Student: 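This structure is in structure tokens; I'll ask about it shortly.
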Amino acid sequence: MKPADYESLTAAQAIAYQQELRLQVKIETLDKPIRIIAGADISFNKFEETVYAGIVLFKYPQMEVIGHASAVSSTKFPYISGLLAFREVPALLDAWNKLEIKPDLMVLDGQGIAHERRLGIATHFGLITDVPTIGSAKSRLRGKYEEPANELFAQSRMYDRDEVIGIALRSKKNCNPIFISPGHRVSMAQSVEIIKNCIRGYRIPEPTRQAHILVNQIRVEHKDKSQLSIFGITL
DNA sequence: GCGACAG
DNA sequence: ATCTTGTCGC
């Protein structure tokens with residue numbers, strides 16, 4: 001199954017595919033050094049099928065931006081909780097293929113294994129590109145956890161039954177926690193350490209924060225361009 | 001049946 | 001996710 005064919009899947013088929021992919025997920029220690037890290041995100045206008053995907057590259061752990069790539073794509077797959085990857089991965093893959101340099105690890109906006117079938121978007125993307133990934137979500141999808149103390153980097157485990165599927169991390173004091181989980185080919189402990197190293201005074205870690213800024217401005221520019229054409233203005 | 005529900 | 005001004009708290 002190719003990401004380009006996700007559009008034709010029904011929700012039931014998508015779930016069945018996740019059950020297949022689940023068997024290939026590797027949550028293990030990454031022993032290769034991380035020199036380049038990337039952040040990825042998607043933006044779109046409500047009610048429209050166009051999606052804007054972007055990936056930003058950073059030197060790690062300095063976190064200096066060293067490059068980026070983006071792609072404008074289209075999808076008919078609706079947003080369904082638990083099936084986010086089928087809507088966003090195809091566009092992200094387009095941006096990924098345009099990348100001059102491939103990162104050693106990528107941070108995605110969403111869950112890794114902190115998912116009902118352990119197949120959040122970060123896990124899904126890592127699996128099909130064979131790149132180590134980490135999921136950094138702004139809200140919880142799955143798992144019970146206790147509120148982390150209101151101190152920088154306070155954390156608490158997220159449980160699904162007896163399994164630890166993620167960590168609720170206070171990335172900034174007086175802000176709600178973010179939810180970290182390994183996506184593919186990295187461990188839980190590494191995932192949290194790496195994300196902590198990516199925090200630069202904001203609640204959202206730099207990789208996804210910068211990727212979000214990138215795709216948002218691309219979307220707005222694209223919107224301005226289509227608005228101008230309505231008025232018959234050409235540039 | 002009811003509540004929950006990444007982006 | 002996106003639409004949006006002010007506003008309350010650290």
Side-chain angles (χ1 to χ4, degrees), chain A residues 3 6 11 14-15 18 21-22 39-55 70-93 95 106-127 133-145 149-152 154 158-161 165-184 191 195 201-205 207-209 211-224 226-227:
Chain A
Y6 289 175
I15 289 172
Q18 289 183 324
L21 290 181
R22 178 178 195 166
D41 195 19
I42 289 285
S43 179
F44 59 88
N45 288 312
K46 201 176 180 180
F47 307 129
E48 289 181 14
E49 297 181 350
T50 304
V51 291
Y52 306 84
I55 298 174
S70 61
V72 179
S73 184
S74 175
T75 181
K76 284 184 180 290
F77 202 97
Y79 168 70
I80 298 173
S81 179
L83 302 179
L84 178 66
F86 294 89
R87 175 176 168 74
E88 302 194 346
V89 163
L92 286 176
L93 201 54
M106 184 141 116
V107 182
L108 287 282
D109 190 3
Q111 317 294 341
I113 61 170
H115 177 280
E116 48 267 59
R117 286 172 291 281
R118 307 293 177 268
L119 234 107
I121 187 168
T123 303
H124 192 129
F125 190 86
L127 223 32
T133 56
I134 296 173
S136 173
K138 297 180 295 300
S139 61
R140 184 202 71 100
L141 170 64
R142 185 80 171 195
K144 298 188 62 175
Y145 68 99
N150 188 21
E151 298 169 21
L152 182 62
M158 299 168 71
Y159 289 94
D160 188 6
R161 299 292 186 88
I165 59 173
I167 294 291
L169 177 71
R170 187 83 62 184
S171 50
K172 181 179 165 96
K173 195 174 180 182
N174 297 316
C175 286
N176 290 323
I178 55 177
F179 304 86
I180 308 305
S181 57
H184 185 52
S191 298
I195 292 299
Y202 295 92
R203 175 187 178 225
I204 307 301
T208 42
R209 196 177 82 84
H212 186 271
I213 291 172
L214 172 67
V215 295
N216 225 28
Q217 64 182 47
I218 289 174
R219 177 179 61 82
V220 172
E221 286 168 4
H222 199 276
K223 181 190 293 175
D224 289 344
S226 56
Q227 278 299 106

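Excluded from the calculations below are hydrogen atoms, water molecules and symmetry mates; all remaining heavy atoms, backbone and side chain alike, are included. Since we're looking at a predicted model, the values are computed, not measured.
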Student: Would one find a side-chain N or O of A/H212 under 4.0 angstrom from OP1 or OP2 of C/dT2?
Tutor: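 Yes, such a contact exists.
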Student: Output the single nucleotide from B/dC5, B/dG7, C/dT2 whose closest atom is nearest the side chain of A/S139.
Tutor: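 The closest nucleotide is B/dG7.
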Student: Between C/dA1, C/dC3, B/dG7, which nucleotide gets closest to the side-chain atoms of A/Y79?
Tutor: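 Of the candidates, B/dG7 comes closest.
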Student: Roughly how many Å is it from CD1 in A/I80 to C1' in B/dA4, rounded to a whole number?
Tutor: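 One finds 16 Å between C1' of B/dA4 and CD1 of A/I80, rounded.
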Student: Across nucleotides 4-10 of chain C, 5' to 3', mark each nucleotide with B, S or - according to how protein heavy atoms within less than 4.0 Å reach it.
Tutor: ------S
Student: Scan A/I121 against the nucleic acid and name what it touches under 4.0 Å (heavy atoms): base, sugar-phosphate only, or nothing.
Tutor: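 A/I121: base contact, heavy atoms under 4.0 Å.
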Student: For the residue pair A/D41 / A/T208, report whether a side-chain donor-acceptor contact shorter than 3.5 Å exists.
Tutor: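 Absent: no donor and acceptor within the cut-off.
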Student: Measuring from the side chain of A/L141 (C-beta onward, heavy atoms only), which nucleotide among C/dT2, B/dC5, B/dG7 has the closest atom?
Tutor: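 So the side chain of A/L141 is nearest to B/dC5.
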Student: Suppose we call two aromatic rings close when their centres sit under 6.0 Å apart. Are A/F77 and A/F86 close by that rule?
Tutor: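 Judged by ring-centre distance (under 6.0 Å), A/F77 and A/F86 do meet the cut-off.
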Student: For C/dA1, is there a stacking contact with A/F44, counting only centres under 5.5 Å and planes under 30°?
Tutor: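 No, A/F44 does not stack on the base of C/dA1.
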Student: Rounded to the nearest Å, what distance is computed from the CD atom of residue A/E48 to the C1' atom of nucleotide B/dG7?
Tutor: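 Rounding to the nearest Å, CD of A/E48 and C1' of B/dG7 are 16 Å apart.
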Student: Would you indicate which nucleotide in B/dC5, C/dC3, B/dG7 comes nearest to any side-chain atom of A/R219?
Tutor: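 Nearest to the side-chain atoms of A/R219, counting from C-beta on, is C/dC3.
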Student: Could you give the distance from CD1 (A/I113) to OG1 (A/T123), rounded to the nearest 0.5 Å?
Tutor: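 Answer rounded to 0.5 Å: 6.5 Å.
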Student: Could you tell me the separation between the CG atom of A/L92 and the P atom of C/dA1, rounded to a whole number of Å?
Tutor: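 Value for this atom pair: 14 Å.
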Student: Between B/dA4 atom C1' and A/K144 atom NZ, what is the distance in whole Å?
Tutor: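 The answer, rounded to whole Å, is 13 Å.
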Student: Check the pair A/K76 / A/E49 against salt bridge (charged side-chain N to carboxylate O under 4.0 Å, His left out), numbers first and verdict last.
Tutor: CA-CA 6 Å; A/K76 284 184 180 290; A/E49 297 181 350; 3.3 Å; yes
Student: Rounded to whole angstroms, how far apart are CD1 on A/I42 and P on C/dT2?
Tutor: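 Taking CD1 of A/I42 and P of C/dT2, I get 11 Å after rounding.
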Student: Starting at CZ of A/R209, measure out to CZ of A/R203 and round the result to the nearest 0.5 Å.
Tutor: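 The distance works out to 13.0 Å.
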Student: Tell me the interatomic distance from A/I218, atom CD1, to C/dT2, atom P, rounded to whole angstroms.
Tutor: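 Going from CD1 in A/I218 over to P in C/dT2 covers 13 Å.
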Student: Counting heavy atoms from C-beta on, name the nucleotide in B/dG7, C/dT2, B/dA6 closest to the side chain of A/E88.
Tutor: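 Taking heavy atoms from C-beta onward, the closest nucleotide is B/dG7.
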Student: Over all strands shown, is A/N216 touching base, sugar-phosphate only, or nothing at heavy-atom distances under 4.0 angstrom?
Tutor: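 Result for A/N216 = sugar-phosphate.
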Student: Counting only side-chain N and O atoms of A/R140, is one of them less than 4.0 Å from OP1 or OP2 of B/dC5?
Tutor: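 Yes, because at least one side-chain N or O of A/R140 sits under 4.0 Å from OP1 or OP2 of B/dC5.
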Student: A/D109 CG to B/dG7 C1': how many Å, rounded?
Tutor: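 For the pair A/D109 CG and B/dG7 C1', the rounded distance is 7 Å.
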Student: From A/I165 CD1 over to A/L141 CG, what is the distance, rounded to the nearest 0.5 angstrom?
Tutor: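 Here the rounded value is 8.0 Å.
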Student: Should A/K138 be listed as having a side-chain N or O under 4.0 Å from OP1 or OP2 of C/dA1?
Tutor: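 For C/dA1, OP1/OP2 do have a side-chain N/O of A/K138 under 4.0 Å.
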Student: Rounded to whole Å, how long is the line connecting atom CG of A/D41 with atom P of B/dA6?
Tutor: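 Rounded to the whole Å, the gap is 15 Å.
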Student: Does the A/Q111 side chain pair with the main chain of A/S139, one donor and one acceptor, at a distance under 3.5 Å?
Tutor: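 Yes, the answer is positive, given that a donor and an acceptor are paired below the 3.5 Å cut-off.
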Student: Enter the distance from A/Y79:OH to A/L84:CG here, rounded to the nearest 0.5 Å.
Tutor: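 Spacing of OH (A/Y79) from CG (A/L84) equals 6.5 Å.
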Student: Base, sugar-phosphate, or nothing for A/G135, non-hydrogen atoms under 4.0 angstrom?
Tutor: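 No contact at all - A/G135 keeps every heavy atom at 4.0 Å or more from the nucleic acid.
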Student: Base, sugar-phosphate, or nothing for A/L83, non-hydrogen atoms under 4.0 angstrom?
Tutor: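 Result for A/L83 = base.
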